[in-house]
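Read the structure below first, then the notes.
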Protein chains: 2
Amino acid sequence: MNIVQTVKDRLSDLSKNEYKVAQQVLLDPEAIIHVSTATLAKQANVSEPTINRFCRRIGCKGFPDFKLQLAQQLAKGASYVNSQIDDDDNVSTVTDKIFSSTLSALANTQRTLDHAAIEKTISYLKDARKISFFGFGASASVAHDAQNKFARFTTPAIFSDDVLVQKVAALNSLPGDVIVCFSHTGRTKALCEIAQLGYDNQATVIGITAKGSPLAKYCHVVVSTEVPEDTDQYMPMASRIAQMVLIDAIVAGFALAQGEEIKQQLARVKAGLKDSRFPPQ
Amino acid sequence: MNIVQTVKDRLSDLSKNEYKVAQQVLLDPEAIIHVSTATLAKQANVSEPTINRFCRRIGCKGFPDFKLQLAQQLAKGASYVNSQIDDDDNVSTVTDKIFSSTLSALANTQRTLDHAAIEKTISYLKDARKISFFGFGASASVAHDAQNKFARFTTPAIFSDDVLVQKVAALNSLPGDVIVCFSHTGRTKALCEIAQLGYDNQATVIGITAKGSPLAKYCHVVVSTEVPEDTDQYMPMASRIAQMVLIDAIVAGFALAQGEEIKQQLARVKAGLKDSRFPPQ
DNA sequence: ATATTAATGTAATTAAATTACAAAAACGAA
DNA sequence: TTCGTTTTTGTAATTTAATTACATTAATAT
């Protein structure tokens, strides 16, 4: 998947001159993209076929294929590389970095999504008697957002950012109720407690959280968002966004699972809100 | 920057056969990456030089350059032009479409951002006596989220999703207070009213909303997110996310503008929350 | 020290992209 | 319409790039 990493990993498998090529590649991957075998050969002080052999060894079909993979890699990873915010960044730079790191976090999440878990989540939600959304801190607004979305449908959807209210709701849950818990790390103690209460009451507990985390233990389904740690510096940003988009996807899947009637319902809600807006010009 | 979009935009400038090439490209951009001029020419039923002419017209150096740009674009995920959800899509497809359209909405927002307006917003916030975040419906959770973020700093930050509470807060605002209003369309009547109240009280009103909208009239600064309409089908999704990322960027800029002390403050908050979490293993 | 294997380069070949130019189509003005 | 002009398109030639075949050199083990 990650071609630059692959080159680094296989450095030891390479012959002397192939190694020279690798060095040249790692020196400035960006540059390789716009270069021909001939020029790269000259730069690395090897013959042209060696370039080709290098590409094959790395696992590519040939030099053009290698360039392509590199280009894709860099396009994706460009944001990762430079997403740390420095004290002397100006506003434009910071804005750009935030957007870029969010973009790459989302792209990463999309790539590593567990579709089976999502499918399972949707089928549980579809048959739910009642859906509760729980979370603390930054995850509270994710939970709030989720509740907002599900409010458009007919299944009762609740949310509170109050610990006690959440606890009571978990205590009063029954089989057939679904509890969705949000926590990026899965290590928030209060939330684990709540999840356990729901779990013990045989409600269905769904965790939008890290796999293998303490919270995950009390979940029937875990959907994780795989956002690299370093994207969230002082406060959760990218991870929160990833969770919200995940919920968007789940809501869309949920809506679709309901079939035709729900579309009319949604259209009705939209129409009903019309009067509270100025008409578009 | 966005090559697929460029192709779409310049569709009308193309000649008949160049148009055929464009169609072929838009049909399956992924496929083009691994194809030669000869094959693409055959697929589009044109001659090889036409492929080259097409690339030049679009603004590329040639076919290999076009392929490279396309590859990079696709890697970023910002390509999915038409992500309308169909009734017969399965869960994986829907999930993918939601992520893709969110990614492209974000990429689009990033590209069209008004950095001057953001800078102005940050400088107002920096000197604010009190910051209020207002919004209804889906924008309420964005406002909530914003309040959450700013709660980590020392400037008082308020939020409520209650109309009356918001109205009272606007009525009680003073010069030096900042009111941030969220509305994708800028046409929510209740919010316009609130913005006007604040405006009349000489509070600073910042609109995260559409330029030229009714809401924009009562804003001292407008930051718009330029998310294409069609990305939000039945409910606001991508636009909401774009607003949140925008807030992330503003928060980051805000934090940076405060200098060293705020970093310590943030670190302190983080440390203070430690006990409410299980330690990472 | 020599046989054997692996690594590398040279030269040839194949493939891909681009250019030059001519034919055809589209367009405008009389 | 009809003729001249411009634009579009394709054919063939050329250039550039990538790959292969094979010979040579270097490295390694017996």
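Below, read A as the first sequence line, B as the second, and so on, with proteins coming before strands; counting in each chain starts at 1.
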How close or far is atom [atom2] of [N] from atom [atom1] of [X], stated in whole angstroms?
X	N	atom1	atom2	value
K61(B)	dT19(C)	NZ	C1'	15 Å
K67(A)	dA17(C)	NZ	P	10 Å
H34(A)	dT16(D)	NE2	C1'	18 Å
F66(B)	dA17(C)	CZ	P	13 Å
F63(A)	dA17(D)	CZ	P	11 Å
R53(B)	dT11(D)	CZ	C1'	11 Å
D65(A)	dA16(C)	CG	C1'	16 Å

Inset, instruction - Might you confirm whether atom NZ of K20(B) has over 12 heavy atoms from other residues, nucleotides or ligands at distances under 6.0 Å? - result: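 Yes.
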
Legend entry - Reported CD1-to-CD distance for the pair I33(B) and Q72(A), which is rounded to 0.5 angstrom: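 So the gap between those two atoms works out to 5.0 Å.
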
Legend entry - Pairwise distance CD(Q23(A)) to CG(L11(A)) - rounded to 0.5 angstrom: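 Taking CD in Q23(A) and CG in L11(A), the distance rounds to 6.0 Å.
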
Legend entry - Closest approach of G253(A) to I122(A) (non-hydrogen atoms, all atoms of both residues):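 Nearest pair, atom of G253(A) first, then I122(A): CA-CD1, 3.7 Å.
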
Legend entry - Side chains of T50(A) and S47(A), donor plus acceptor under 3.5 Å: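 Indeed, the side chains of T50(A) and S47(A) share at least one donor-acceptor pair under 3.5 Å.
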
Inset, instruction - Verify the distance criterion only: is there a donor paired with an acceptor across the side chains of T39(A) and S36(A) at less than 3.5 Å? - result: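 Yes, S36(A) and T39(A) have a side-chain donor paired with an acceptor closer than 3.5 Å.
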
Legend entry - Distance flag, aromatic centroids of F66(B) and F54(B), threshold under 6.0 Å: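 Yes.
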
Inset, instruction - Kindly state which residues belonging to residues 36-52 of chain B come within less than 4.0 angstrom of DNA chain D, counting heavy atoms of the residue only, listed by number. - result: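 Only V46(B), S47(B), P49(B), T50(B) qualify.
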
Legend entry - Any residue of residues 12-19 of chain A with a heavy atom less than 4.0 Å from an atom of DNA chain D: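 Residues of residues 12-19 of chain A that come under 4.0 Å of DNA chain D do not exist, since none gets that close.
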
Atom pairs and distances, donor-acceptor, side-chain atoms in residues 57-64 of chain B, under 3.5 Å, two or more places apart:
from: R57(B); atom 1: NE; to: E18(B); atom 2: OE1; distance (Å): 2.9
from: R57(B); atom 1: NH2; to: E18(B); atom 2: OE1; distance (Å): 2.9
from: R57(B); atom 1: NH2; to: E18(B); atom 2: OE2; distance (Å): 3.1

Inset, instruction - Look at the side-chain N and O atoms of R56(A) and state whether any lies under 4.0 Å from the OP1 or OP2 oxygen of dT20(D). - result: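 For dT20(D), OP1/OP2 do have a side-chain N/O of R56(A) under 4.0 Å.
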
Inset, instruction - Please name the residue in the list V223(A), T109(A), L106(A), T121(A) that meets the side chain to side chain contact (heavy atoms under 4.5 Å, CB included) test with L246(A). - result: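 Only one option passes, and that is V223(A).
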
